[in-house]
Each structure stands twice: as structure tokens, then as C-alpha cells.
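All ligand and atom numbering here is 1-based and tracks the order in the structure. What you see is a predicted model, and the numbers here were worked out from it, not measured in a lab.
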Amino acid sequence: MSSSDEYDVAIIGAGIQGLGLAQACSLQGWKVAVVEKMPEPLTQTSSRSTKLIHGGLRYLEQGKFALVRQCLKERRLLCKLAPDLVRLQPFYLPVYKHSVRSFWCIALGLLCYWALAGFCRDGAFSVFWGKRAQKKASEAGLNCDRLSALFIYNDAQTDDRALGLAVLKSAKALGAKLFFCTEVDRICKTEQGFELRGSAFNMRSRVVINAAGPWVDRVHGALQPLPKALNISKLAGSHVLFSLKADYRHCYLESPEDGRPVFVLPWQGKLLIGTTEKQLQDDGELETLACSEQELHYLIAVHNYYFPARSLSADELVASFCGSRVLAACKEKMHAAGREHVVWHESDFGAYWAICGGKLTTYRLYAEQLLPALARALGYKASLRSTRTLFLQK
Ligand SMILES: Cc1cc2nc3c(=O)[nH]c(=O)nc-3n(C[C@H](O)[C@H](O)[C@H](O)COP(=O)(O)OP(=O)(O)OC[C@H]3O[C@@H](n4cnc5c(N)ncnc54)[C@H](O)[C@@H]3O)c2cc1C
């Protein structure tokens, strides 16, 4: 890449957020570049998720109704746009006499989930009691001891990396350019826009979007003049994979240790169990993220509690991965759309945006929501085109 390269929009980071933005911006006919420090796209958080395209039942407990509604709408749309990649599945949610969340709490939550999905058929759920609950649960291999009810609701599952690659394919077909092994370490504001620099590259762009995921604050710190630091925290979560030795259903369970929700999911011929949650104290930890022994044993304990006849041991582990998510605090200059997704922008720093957080599920929606601001910065007057009709293929 040489200094003569000049773009309308430069996006830092080829995770799902960066690629979704590249697709949406290229669709407008803008000249788009995505710069990624790794040799490949989607090697970080976007391939280390629970692989769900979901409303997020647990967000209801936190009162995030608007977020859940948005996610459920996106779930419906992505099932249509990428039917080979995003598929609805029945999820089993057992309630026991000793569960932290009572029968009524779950029933109310699922009713709310259904209402937020617009009472559509794919948002409906069933509930089983007594002998019917015992029968269904035992067919699924679930522990039936002190079982009081079994709920079955729908959510969607995907292959996060494959979904991201389909978005990348679409963005490339629309004209986006991708540059790998290209780490941005300086973003200098110029009269025309910005100059992005790394050890072996130099690029000019009128607009810059920082979509560096858990490195968003580090890239933000590369902006000159230096803005105020982002007010974010980082959480890491691990998943483990085992061979699929029995006929498992998709299960949403409660850890017997601390009541946290944990998924046990058949996925691509394996059994995926996750996630844990820990606060990252130090940025250095990002480079060495891995599932710890303690997390492995925690996840195995959840599995073995609910599937006593299918007990797993640590030496059967096939693979594990750990990803980090950004949580943004809603402070001044942060335009809050909920703690899960905040976009930093301040006019003193020109046409620069930093994406803090976001979910796999909402990558398309949030990319589209940023378009009007980007169009204003580029002086683009034509009406904006929506990605909601762009089909995604493997
Ligand atoms: C454990 C866990 C489970 C999750 N499960 C789900 C789920 O089931 N469903 C859901 O909807 N969401 C889920 N999420 C959230 C979702 O996975 C993330 O929000 C999303 O993947 C973040 O994507 P991203 O593009 O922002 O970040 P990333 O995928 O991390 O991409 C950022 C990219 O920026 C690059 N980069 C960094 N610094 C530089 C630099 N200086 N120069 C160039 N490139 C740089 C990185 O190499 C990386 O490729 C989960 C998150 C976690 C942590």
C-alpha cells in the first residue's frame, strides 16, 4: 500500500462489526478500505462467540427491552437473508424446584420474549409439566431429579466465522478493499480527513471508523490529537468443545454453582458449552486469552450436573476458545444505545467514530444506523441504500 491510496471510508478491524460497516458503506458506492492487523479476517471475538443470533433472554432481567426487541427483529431478518448460515432451533430450558429463576420468572420472560418478537410463530414457546416434562427431559438426557417444568422456545444458531466470511464476500463484491497484516498505529487528522499509518503502510481517508473490538481503546489512543480515553471495560468468556457422543438438544441452563446462564449446544458435530465471564484487569491479557483450567472445570460441572448419565471429563476436551467483549459506560460524548453498544464521536476530532461493543446479532443494524452520520461527513446527498435486502451466501 502506498501513500497515494485514498479512500472515503477506512475501517480498522476485520471482525463482524468492521465487515458489516464495509458492506453497508460499499453499498452506497463509497470507496472503502478495511485494514486488519492479523493475516486473516475474523480471528478474534467474532469467531469466539456462543454462535447465537438471539434476542438474549438474559437481557430481559436487566430491563433491556429495546435491545432484545432489536435483536429479535435482526434474528428474523438474518434467518431470511442467510438461511444456510442462521437457523432457528428449539431450545430446552428446564426449571427445577431449586432453580434460581422460578417457573413464573421464566414463563414471564418467555412471554415477554414472544411479545417483543411481535407474537410471531417463531417466537412462540411451549411448556411441559409433570410426567410430560419428565418424558421430554429424559429423552434429551437431562437430569429429571426435582424437575418442575420444561420450557421449549426458539432461538437461532450460526457459525460466526462463516457468517462473517459471507458478509466479507458481499462487501468485496460491492467494491470494498481489504488489507491484512496491516496494523494501524497512528491516525493523524489532516485538512482533508485522516492519514492512517503503520510500520509498513500509509493511507488517506476522509472518514475513519475504529472497529478494533477489544483493542478499540488502543486504536483510539493512536488518534492525533489525542482524545479523552474511552470509558469502557472488558469481559472475557470461554467456551469448550467436546465430541458429540449422544443426541443433545440445544439447552439453556443455570449454573448450579452461581446461577449464571450457560448454554450446552450441539454445534457442527461437536458439543459446545459456554460461556464463563471474567473481568479483564490488564490489556496485556488480550494477547494471551485462553480458557483456564478453572473455567474448563466450571463448564464441565454444569454439563455433568444436568447430564449425569453423560458425564464428561477434562481429558476428553477437543478444543476451547476465549473471547473478549467491550462494555461501554454511558458517559458524556458517548452516544448510548445501551451498554452493549456505544459509538464514540466528537466533532472536534472530525469524521472519526469508535465502535464500543455490539453483538454478532446486531452487526447489520448498527452498521446501517451509522450511515446517515457518515453520509453527512462525506457530503453525500443521495438517499441511502439498505443492506436489509442483501442475501448472504457461504
Ligand atoms: C464469550 C463471548 C460470547 C459471545 N456470544 C455472542 C452470541 O452468541 N451472539 C451475539 O450476538 N454476540 C455474542 N458475542 C458478542 C460478539 O461476539 C461481539 O460483539 C463481536 O464479535 C465483536 O466484533 P468486533 O468486530 O467488534 O470485534 P473483533 O471480532 O474482535 O474484531 C476486531 C478486529 O480488529 C483488529 N484490530 C485490532 N487492533 C487493530 C489495529 N491496530 N489495526 C488493525 N486491526 C486491528 C483485530 O485483529 C480484530 O480482527 C459474544 C462475545 C463474547 C466475548
For ligand 1, which atoms have a heavy atom of [X] less than 4.0 angstrom away?
{"X": "I16", "result": "20 (C), 21 (O), 23 (O), 25 (O)"}
{"X": "G237", "result": "1 (C)"}
{"X": "T361", "result": "10 (C), 11 (O)"}
{"X": "P214", "result": "30 (O)"}

Check salt bridge (Lys or Arg N to Asp or Glu O under 4.0 Å) between E287 and all other residues, then give those that pass, not counting sequence neighbours.
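Testing E287 for salt bridge (Lys or Arg N to Asp or Glu O under 4.0 Å), a comparison that skips the adjacent residues, returns R218.
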Y59/Y113 aromatic ring centres below 6.0 Å:
no
Could you tell me whether W30 and Y7 have their ring centroids closer than 6.0 angstrom?
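Aromatic pair excluded; centres sit 6.0 Å or further apart.
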Looking only at N/O atoms, are S238 and ligand 1 under 3.5 Å apart anywhere?
no
Can you find an N/O atom of G358 closer than 3.5 Å to an N/O atom of ligand 1?
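Between G358 and ligand 1 (N or O atoms, distance only) the closest approach is under 3.5 Å.
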Relative to ligand 1, is V326 under 4.0 angstrom through side chain, backbone, both or neither, heavy atoms considered?
neither
Is it true that R218 lies under 4.0 Å from ligand 1, counting heavy atoms only?
no
Can you tell whether the side chains of R204 and E195 come within less than 4.0 Å, N to carboxylate O?
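Answer for the salt bridge query: no.
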Output all residues satisfying ring pair (Phe, Tyr, Trp, His ring centres under 6.0 Å) with Y352, sequence neighbours left out; order by chain, then residue number.
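Per chain and number, Y352 pairs via ring pair (Phe, Tyr, Trp, His ring centres under 6.0 Å) with H220, W344.
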